[in-house]
Amino acid sequence: MPTCEANFDGLIGPTHNYAGLSPGNVPSQSNAGAVSRPKDAALQGLAKMRRVHDLGVTQGVLPPQQRPDLAMLRDLGFTGTDAQVLERASELSPTLTAAAWSASSMWAANAATVSGSSHTPDGRVHMTPANLMSHYHRMIEGSTTTRILRAIFADHKRFAVHDPLPCHTLFADEGAANHVRFARTHAEAGVELFVYGFDPPRPTPMAPKKYKSRQSRGACETIVRKHGLDRTRVVIARQHHEAIDAGVFHNDVISTGNENVFLYHELAFADTAGVLDQLRLALDPTPLVEIPATRDDFTLDEAVTSYVFNSQVLTLAPGEMIILAPSESERTPRVAAWLERVAEDDANPIARVEFIDVRESMRNGGGPACLRLRVPLTGDELDAVIPGVRFSPDLHERLTRWVEQHYPDQIAPTDLADASLARACLDGLDELTRILGLGDIYDFQLA
Ligand code: SUG
């Protein structure tokens with residue numbers, strides 16, 4: 001097997017709901033309190049995995065986390081039976097209760113930052129799970145994500161799964177959502193772009209005013225060191241403060257890349273021209289194929305509404321790529337027109353654009369690319385991945401049956417006090433670990 005870039009999608013969990021937990025994430029705020037549709041959400045996620053698999057790209061599955069996390073609520077002082085814990089927590093703190101139920105681990109682009117073995121001095125794939133310390137409901141993902149990644153990428157000769165960085169603003173880390181790998185092909189070594197929003201030791205007057213940035217420069221620099229990357233093949237760039245204030249809470253909402261192709265909005269970075277210069281130099285002699293969107297093409301607001309940069313750009317064959325864009329891009333006229341121009345332009349390898357419906361996730365600010373973690377793998381490394389998480393039509397069928405059987409059709413905010421719903425969700429997860437051949441990974445299984 002040649003080297004590939006596998007996409008590991010977060011399977012959308014049965015507790016998917018709209019709790020408005022993410023200030024700075026416009027859809028999360030505007031859909032707060034809406035009724036969610038977990039079954040539809042999971043089926044949409046599986047259909048996306050199937051489409052990517054059918055396009056010939058290696059696809060894997062990451063299981064959801066144990067939610068609701070009643071142990072977390074107990075740690076915070078809520079006592080009694082499960083029903084009492086949920087009742088007291090939902091009375092006293094709807095926010096903590098919602099954090100305990102959040103299915104946010106679906107957004108696997110925030111699970112970790114990954115460097116392929118062609119970039120690391122020990123020739124292993126290095127992964128640093130994100131500490132996600134900017135939001136409490138996400139911060140509680142880190143330890144289980146580490147356990148899950150260590151179960152899936154268990155072969156120490158080939159994979160190094162680090163601990164998450166310390167939970168301090170100096171190291172605020174949101175994972176691969178702020179990381180892009182460039183190379184002539186997936187089989188070759190290339191350059192890694194790390195993007196941050198703030199740098200606590202060196203504050204700047206050009207900081208966002210409305211929303212907080214999530215990723216620190218210190219996190220980027222620490223991961224570069226821990227993965228042992230060659231600094232001449234690393235670019236570290238700061239997000240534009242206007243982008244963050246428009247709702248670009250992760251870089252993957254405003255730029256994306258695949259092999260040597262780079263799609264970006266001109267307001268993605270504080271110094272976009274400088275970032276391009278550094279990338280061109282680091283990637284030389286491979287040319288960087290630049291696909292910009294200017295303010296005249298569409299505004300930051302249109303980029304955020306359409307989530308066009310959260311498309312998956314996938315290699316179909318040498319020199320032939322597809323953009324798998326969220327349906328919302330098709331419904332944003334100036335963005336749809338730009339996509340059409342990109343697909344028609346022979347100067348880039350984009351052959352066509354396809355739209356995919358992940359509406360339930362989108363309503364919480366998670367597009368197609370948020371739902372997946374990219375992992376560059378050689379054939380041997382792919383063979384060393386636990387086989388049960390490899391997506392196939394057979395696994396698609398089994399997971400569809402499992403979702404149909406275990407997922408609620410809807411969750412309204414008041415359902416988060418329901419202990420029987422909590423039990424049903426956890427029973428489903430117990431069965432899932434057997435379907436995926438993962439063994440015991442959840443706290444309730446290990447207790
Ligand atoms: O961290 N939404 C997620 C969306 C993450 C998207 N990921 C990437 N861009 N890669 C977040 O803001 C909303 C949950 C709620 O409001 O119920 C939420 O966590």
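The basis for the numbers below is simple: all heavy atoms, side chains too, and nothing from hydrogens, waters or symmetry mates. Every number for a ligand or one of its atoms is a count from 1 in the order of the listing.
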Taking atom 19 (O) of ligand 1 as the reference point, the nearest protein heavy atom with its distance = His137 NE2, 2.7 Å
ask   = Going by the order shown, which atoms of ligand 1 are within less than 4.0 Å of some heavy atom of Gly20?
value = 15 (C), 16 (O), 17 (O)
query = Between Phe153 and Phe8, what is the ring plane arrangement, given parallel below 30°, perpendicular above 60°, and tilted in between?
reply = perpendicular
message = Taking 4.0 angstrom as the limit and counting only heavy atoms of Ala177, give me the atoms of ligand 1 inside it, by number and element.
response = 10 (N)
query = Distance-only, no hydrogens or angles: does the Gln65 side chain make a donor-acceptor pair with backbone N or O of Gly13 under 3.5 Å?
reply = no
task = Select the closest option to atom 10 (N) of ligand 1 among Asn31, Asp252, Val253, Asn251, judged by heavy-atom distance.
result = Asp252
task = Evaluate whether atom CZ of Arg334 has more than 12 neighbouring non-hydrogen atoms of other residues, nucleotides or ligands under 6.0 angstrom away.
result = yes
ask   = Can Gln29 be said to touch ligand 1, with heavy atoms closer than 4.0 Å?
value = no
key: Sidechain-backbone polar pair: His119 side chain, Gly190 backbone, donor-acceptor under 3.5 Å   = yes
remark   = A student checking ligand 1 against Ser28 at a 4.0 Å heavy-atom cut-off should list atoms 13 (C), 15 (C), 16 (O)
request  = Do me a favour and list the nearest non-hydrogen protein atom to atom 15 (C) of ligand 1 with residue, atom name and distance?
outcome  = Asn364 OD1, 3.2 Å
task = Run the numbers for me: atoms of ligand 1, each under 4.0 Å from some heavy atom of Gly365, listed by number.
result = 4 (C), 6 (C)
query = Is any N or O atom of Asn110, backbone or side chain, closer than 3.5 Å to an N or O atom of ligand 1?
reply = yes
query = Going by an N to O cut-off under 4.0 Å, is there a salt bridge joining Arg217 and Glu221?
reply = yes
task = Kindly identify the option in His250, Arg138, Arg214 whose heavy atom sits closest to atom 12 (O) of ligand 1.
result = Arg214
message = Looking only at protein heavy atoms, which one is nearest to atom 18 (C) of ligand 1, and what is the separation?
response = Ser22 OG, 3.3 Å
query = Does a donor on one side chain sit under 3.5 Å from an acceptor on the other, for Ser420 and Asp418?
reply = yes
inquiry  = Let me confirm one number: the CZ-CD distance from Phe355 to Glu330, rounded to the nearest 0.5 Å.
reply    = 4.5 Å
task = For ligand 1, indicate whether the residue Ala19 contacts it via side chain, backbone, both or neither (heavy-atom separation under 4.0 Å).
result = both
query = Does Ala34 offer a backbone N or O that forms a donor-acceptor pair with the side chain of Asn31 under 3.5 Å?
reply = no
query = Going by the order shown, which atoms of ligand 1 are within less than 4.0 Å of some heavy atom of Ala109?
reply = 10 (N)
query = Which atoms from ligand 1 have a heavy atom of Cys370 less than 4.0 Å away?
reply = 6 (C), 7 (N), 8 (C), 9 (N), 10 (N)
request  = Mark yes or no for whether Thr144, through its side chain, and Glu141, through its backbone, hold a donor-acceptor pair below 3.5 Å.
outcome  = no
message = Heavy atoms only: which of Leu21, Asn17, Asn25 lies closest to atom 16 (O) of ligand 1?
response = Leu21
query = Do the side chain of Ser311 and the main chain of Ile323 share a donor and acceptor less than 3.5 angstrom apart?
reply = no
